[in-house]
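This report concerns only the one structure given below.
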There are 2 protein chains.
Amino acid sequence: MPKDFESSQESYAKEVLREKGLKSTAQRLAVVHVLHTSGKSLSVSEIHQEVKDMLGATGLATIYRTLEMFEDLGIVKRLHFPGGGYGYTFCQGRHVHHMVCVDCKGVFDFPECPVENFDYSSVEKQGFRVKDHFIQLFGQCVKCAEAA
Amino acid sequence: MPKDFESSQESYAKEVLREKGLKSTAQRLAVVHVLHTSGKSLSVSEIHQEVKDMLGATGLATIYRTLEMFEDLGIVKRLHFPGGGYGYTFCQGRHVHHMVCVDCKGVFDFPECPVENFDYSSVEKQGFRVKDHFIQLFGQCVKCAEAA
DNA sequence: ACCTAAATGAGAATAATTTTCAATTGACCT
DNA sequence: AGGTCAATTGAAAATTATTCTCATTTAGGT
């Protein structure tokens, strides 16, 4: 019988790490766990705190290093908030956009891409070649709307 | 005859400030000037440097305070770059999106809104009420494409 | 079980941002 | 044009965020 149950999100991260010759450390897997179970965007220090709750003493630098690496690998995505400040959310390498509740910072996936079929001719006329895009929707989730 | 010529961007900022009972100081107008003439997104310290070039000694805190205020007033917009880091661009209260050249950080306006007529029903089904959005396109401008 | 490169932790170092407060200045009112 | 006063500024200190260094630990292949 299996010795240990792991989420598909953790397996996914392990696989990506292995492909790149990087190690699946307890700290890295804890970051994945914390992010994918939280349902909301977490700041670096929130992630640090939760990883410490799981593993005990953990260096903050490790959290920074892990998040930067995960962002490059497409495992997590960095979201920015209107007032300034940012947080991370798990995205598992998919091209997803997110709705962020401005009250609770809850993150909701938004898999259809609003600009997928958009006609860029007006900007391409200026010679600009579009290569990527960043989209975030802001609003209020049900819970926060009811609480208000 | 007019003693002093000012851009429509500066008049606009003055007007917004006056409406809110805020003062049009030399520092604030210099920030507007620097941003709207630069054609690209500028970091806080770049803005600080250019304002110092115009006015002489200027506190960095003033630049931070001004940019935060201008962002709230919709006079400027904060753009975020893929690697982390951000910059400001002038937007004169309009709802515009921007294309950012990842090489030179040049900013190009993009007045049509790609999500204007987008069907949010899939996210609204989850109870999420969309109130605002943030869109940025990344790519390469003509100059940088030719230089490459 | 060993080996080795990769990763970590702890703290120092650096960078970014905010706060404090006395001095200055812009806008309004004669 | 000058006076008044709240808003704003500059400078430095304080705080917060991020990166770096390096000795120690650890994952993953043999």
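Since we're looking at a predicted model, the values are computed, not measured. No hydrogens, no waters, no symmetry mates; every other heavy atom, side chains included, goes into these values.
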Side-chain-base donor-acceptor pair under 3.5 Å for B:Arg28 and C:dG26: no
Could you measure the distance from the NZ atom of B:Lys131 to the CE atom of A:Met99? Nearest 0.5 Å is fine.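 If we round to the nearest 0.5 Å, B:Lys131:NZ and A:Met99:CE are 14.0 Å apart.
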CG/B:Leu137 to CZ/A:Arg129 distance, rounded to the nearest 0.5 angstrom?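 CZ of A:Arg129 is found 15.0 Å from CG of B:Leu137.
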How close do B:His48 and B:Gly59 get, counting heavy atoms only, and between which atoms? NE2-C, 3.9 Å
Looking at every non-hydrogen atom in both residues, tell me the closest pair between A:Cys144 and A:Gln140 and how far apart they are.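 Scanning both residues completely, I find the closest heavy atoms to be O-NE2, 3.7 Å.
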Counting distance only, does the side-chain N/O of [X] pair as donor-acceptor with the main-chain N or O of [Y] below 3.5 Å?
X: A:Lys77; Y: A:His98; value: no
X: B:Thr58; Y: B:Gly56; value: yes
X: B:Gln9; Y: B:Val32; value: no

Residue pairs, two or more places apart or on separate chains, that pass salt bridge (charged side-chain N to carboxylate O under 4.0 Å, His left out) and touch residues 49-76 of chain A: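 Listed once each, the pairs are A:Glu71-A:Arg78.
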So what's the dot-bracket for DNA chain C: Watson-Crick or G-U pairs under 3.5 Å, [ ] if a pair crosses, | if it pairs off-strand? ||||||||||||||||||||||||||||||
Could you work out which one of C:dA10, C:dT17, D:dT18 sits closest to the side chain of A:Arg65?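 Nearest to the side-chain atoms of A:Arg65, counting from C-beta on, is C:dA10.
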With the threshold set at under 4.0 Å for non-hydrogen atoms, list the residues of residues 68-83 of chain A touching DNA chain D in residue-number order.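 Hits under 4.0 Å, by residue number: none.
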Per the under-4.0 Å heavy-atom filter, residues of residues 48-61 of chain A near DNA chain D come out as A:Leu60, A:Ala61
For the pair made of [atom1] in [X] and [atom2] in [N], what is the distance, rounded to whole Å?
X: B:Tyr64; N: C:dT20; atom1: OH; atom2: C1'; answer: 17 Å
X: A:Ile47; N: D:dA17; atom1: CD1; atom2: P; answer: 14 Å
X: A:Lys20; N: C:dA7; atom1: NZ; atom2: P; answer: 13 Å
X: B:Tyr86; N: D:dA17; atom1: OH; atom2: C1'; answer: 12 Å
X: A:Gln27; N: C:dT8; atom1: CD; atom2: P; answer: 5 Å
X: B:Leu17; N: C:dT25; atom1: CG; atom2: P; answer: 18 Å

What string of B, S and - do you get for nucleotides 24-30 of chain D, 5' to 3', when a contact is any protein heavy atom under 4.0 Å? --BBS--
Which label fits B:His97 and B:His133: parallel for a plane angle under 30°, tilted from 30 to 60°, or perpendicular past 60°? tilted
Output the rest of the hydrophobic cluster of B:Val107: all Ile, Leu, Val, Met, Phe, Trp and Tyr residues reachable through side-chain heavy-atom contacts under 4.5 Å, sorted by chain and number. A:Leu79, A:Phe81, A:Val100, A:Val102, A:Val107, A:Phe134, A:Phe138, B:Leu79, B:Phe81, B:Val100, B:Val102, B:Phe134, B:Phe138
Verify whether the ring centers belonging to B:Phe118 and B:Tyr120 lie closer than 6.0 Å.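 Yes, they do, as the ring centres are separated by less than 6.0 Å.
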Between A:Arg18 and A:Glu15, is there a salt bridge with N-O shorter than 4.0 Å?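 The answer is yes: the pair qualifies as a salt bridge.
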Answer yes if B:Ile47 and B:Tyr86 sit in the same cluster of Ile, Leu, Val, Met, Phe, Trp and Tyr residues linked by side chain heavy atoms under 4.5 Å apart, and no otherwise. yes
